[in-house]
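Just so it is clear, the values below take in all heavy atoms, side chains as well, and ignore hydrogens, waters and symmetry mates. So that the names make sense, note that chain A is the first sequence line, chain B the second, and so on, each numbered from 1.
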Amino acid sequence: MAKVDVRAGRSPDEFLPLTPALFHVLLALADGEKHGYAILKEVAERTNNGVVLSTGTLYGIIKRLLADDMIRRSAAGSNERRQAYRLTSFGRSVALAEVARLRDLVMAAESKKLLGHPSKG
Amino acid sequence: VRDRNASASDRIYAALLRLFPGDFRAEFAEEMQADFRDQCLDADRIGGRAAVVLLWIRTTIDIVHRACVEQLDVTKRDAVYALRLVRRNKLFSATAILTLALAIGVNTTIFSIVDGMLFKPLPYHEPDRLVMLSSVRLAGDYPSAMVPKSLAVAVRERHSGLSDLAAVFGTAPLTLVDGAKSTSLKAMAATPNLLDVLGVTPVRGRLPTDEDATSPAAGALLAHATWISNFGADPSLIDRVLRFEDRRVRIVGILPANFVFPSLDASTADLMIAVESPFRGPEIWPTEGAPAPIARLRPNMTLSAAQAEVDALAANLNASLKDWAPPGRQRFRAQLMELQVGLFESRRSVLWTLLAAAGLVLVIACVNLANLLLSRTAGRNREMAVRSVLGASRFRLIRQLTIESGVLALVGGTAGLLLARWSFDFTVRSVPPVFALFLPDALDSRALVFSALATGVSVLLFGAVPALRGSQTALLAGRHERRRIPVLRRLREGHVLVTAETIIVTVLVISAVLTVGSFGRLRSNSLGFQSDNLMSIKLTTRVVQSARMSQVLATVTDEIRRLPGVVSVAAEDTNPIGTVGWSSGQARLPDGKVASAHGVSASYFQAMGLRLVNGRLPSEGEWQGEPLAAVVTERVALALGGAQSALGTSIQILRGDRRAIVIGVVSDIRYRYDDVQPRQVVFIPPPPDRWVAPGLLVRTSGDQSGLDHRIRAVLARAMPRAVPELSPVDAQLARSLALSRFQAQLFGSFAVVAVLLAIVGIHGVLAQTVAGRTREIAIRMALGATSRSVRRHVVTEGLAPVAIGLTLGVVAGFWTVQVFRGYVHGVQLRDPLFFIVAAAIVTAAALAATWIPARRATRIDPATILKTD
């Protein structure tokens, strides 16, 4: 049975700001579907062990993302032991909205000369 | 080894996962376990054992934390769902919430009233170390306020475990003379060390000393409120001597604002005057008995050890003291008790009875709620089954149902607390004087905690059964077992609930009928005089010399009689109305018994409206002259051989050893409504030196506006320093009904609430039964049963458990009424009439409750029902 996007019509902005852990999970899924352990490893490697998720936190996040329809289980990548997850288009737009929010923040910091690289013009 | 470690690790991890809610586990446990296994292998490969240990620590903390978050999340969802249910089923919710609110309201109110007397630590330093030495009647129940003085002296001198002994004496009005102005203050007397023993320090000044007690201007402590209201919080009052009309008092300190004396009589005193300790030696306190001493247990001394020492001291005193008996009284034993117990001992059983009755109301409410919830759970079998099929565990279902009960309880409990706030203010006003010590001003935090606890206990009581039952049904259904809770079992459950409820209601109604009946009977007691339009005036003065008093009173009486609106005026040597066991003087009757001898003016009989039974009422001249004349009540006349032969008899008046000749007999008199027997009174002309506490009685024509003022003016001219107390006799008499009225009011309201709840409960059970048996009734009707017979059938069925409950309740009530022994007067506790009335009330309530479901049953249309099946 095809899933209906129940979140259709909801704005990604409602979910902002994302917690760092949740954002990292979305990022990990941005380039393709992964199962839980792969997400854990990817996040740890990408942040140079700066963000180390535990299984409890990870699946708490996965539960929320599933409930909010930001990710879905992927039948193709799953086996009997492991479930793979992939980003939905809604999840992708939420991640992009967060990126935009962060970019605005960085730009604001730059214009205040906080970063020492004053923007020209 | 590695494999074994791995499987142990798996098992521990799986155990940790159990902290998560069931549905979370069902969804993710397997994946989590696999991921964690991989994490462990990686950690071991890269960082060895240390890394694995670190991973375990991190994971454990994380899981505990996340599990809490997830559990809270589920709870929140359940609560939101429960709230939605509350809103959707308005009638159900309103009934449940109102039921609980009534019960919690009643209980919180009663708790707040009795708390200070039973539970709340007394407002003194380390109150649990404070003790009181009382005399306990060996044969009977309540302690006396007096103890043998020689024992108290011995305890003070030789007891190793007690502080110095303090004592509280009675109160007296004192008239403060300040230039032209006179103010009456209520003074109480106590030993100088009272505050020291209680561990209370004055906010200003110092504590009185032994020298203060013996000084010509006795040291005194002023109540904070009086200091502010009467002296404008004047700081220079300390060490100043106040002049009262017959004594001088030096104010040595101001009591703390919230201070309450440990004495019912003195709790509202304006000042405490230090008097010498009666426990110092025989020369100071001349009588045999001394007031019950208050003392503090020394550190490391227990109550029982201290009591053993008291017993030993008593045994060492002479034999007659061991079982001390005041003249003409039963034998007593000196007993140390906690101060709170000692202060309220004789009243504790009433307080506990009130609390128990309120508790019964709560039990009824819980029975009702359990039944309501049960019936709803039964109606939700499908929903539960669906949830169960979708993977909800039994625990999860129980939890959801419990949360639903919890939400109802929270709303009901809060409503109950609001109700209690209102009903406390209302109830506290009718608390009789004998219970008016340590009452809170309003509901306090303790009441809040109590109502929360009561609500919590109720949830456990009414929520548990339906939750277990609901989850069980759901699981059965979930396993596709076609078994259902049989209708018969539901019926039996309903019947048990109704029976239990009826027992409790019957007991409460019997209590109510008894207390209300007692109140009614006392209220209808014939006083023997006309109390309406009668005003009594107490003349609290000591300056008018007794010899001059007769003269002054005669003048005052004359002047007041001439005021407009006054019908008659009389003078009396004391005012016995409203007092217990009063006696201003005594007369010996021929049978050896002693009657009260009451000194009154000749106009007294007319002013009181006493009915002449035989002989004549005295003229002014006859009352003044010789030989001494007397008028007796019927009861006295009976002892003199009847109303006829009493006339002309000579009676011995004990004070002054005079004899008086009976010239008239008047109707019997009660000075209080709760006087079980009329008093035996001999009226005589007041002996000139016997104006103990003079008073006036004024009968008015009804319209009294401005009369008070004019009477005060007359009195002010004749006795400039007197501070007269004017009060309607009806109000004084009402106070003698205060305890009875209070009991009747409370038990009456308990019964009303209980009956209402029972009607709701019985109706609920029966309505369900009818709903569950629609088919059967339809068949009966199709087979020719008339609606009358159907109605009768339903009513009979509904009343069967009521009849059982009523029978058991009457039996229980027969036994329960014993708790009222000593507190309910004027009636037989086991008067069958009360039981009959109570049974009739309960039956009527049950009939009312069965009527609606019975009518609904007859409206069943057999054709429709049988066709749809």
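With a threshold of 4.5 angstrom between heavy atoms, B:Gln39 approaches chain A through its backbone and through its side chain. For B:Glu31, the parts lying near chain A are the backbone and the side chain together; criterion is any non-hydrogen pair under 4.5 Å.
Using a 4.0 Å cut-off between a side-chain N of Lys or Arg and a carboxylate O of Asp or Glu, A:Lys63 and B:Asp73 qualify as a salt bridge. Note on A:Arg82 versus B:Asp38: salt bridge recorded, some NZ/NE/NH1/NH2 to OD/OE distance being below 4.0 Å.
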Notebook entry, point to check: Given B:Glu27 and A:Leu66, is the side-chain contact (heavy atoms from CB on, under 4.5 Å) satisfied, shown in steps?
Noted result: CA-CA 11 Å; B:Glu27 202 171 352; A:Leu66 282 171; 4.0 Å; yes

Next item on the list: Apply salt bridge (charged side-chain N to carboxylate O under 4.0 Å, His left out) to the pair A:Arg64 and B:Glu70, showing each step before the final yes or no.
Entry: CA-CA 10 Å; A:Arg64 291 230 336 257; B:Glu70 292 296 330; over 6 Å; no

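No more than 12 heavy atoms of other residues, nucleotides or ligands sit less than 6.0 Å from atom CG of A:Asn48.
Heavy-atom pairs under 4.5 Å with chain B peak, among A:Thr55, A:Ile62, A:Leu58, at A:Thr55. Each of B:Asp42, B:Leu55, B:Leu16, B:Val69 has some count of heavy-atom pairs under 4.5 Å with chain A, and the biggest count is that of B:Asp42.
Here the closest heavy-atom approach between residue A:Ser54 and residue B:Thr59 is recorded as OG-CA, 4.1 Å.
For the pair A:Tyr59 and B:Ile63, the minimum side-chain heavy-atom distance is 4.5 Å or more.
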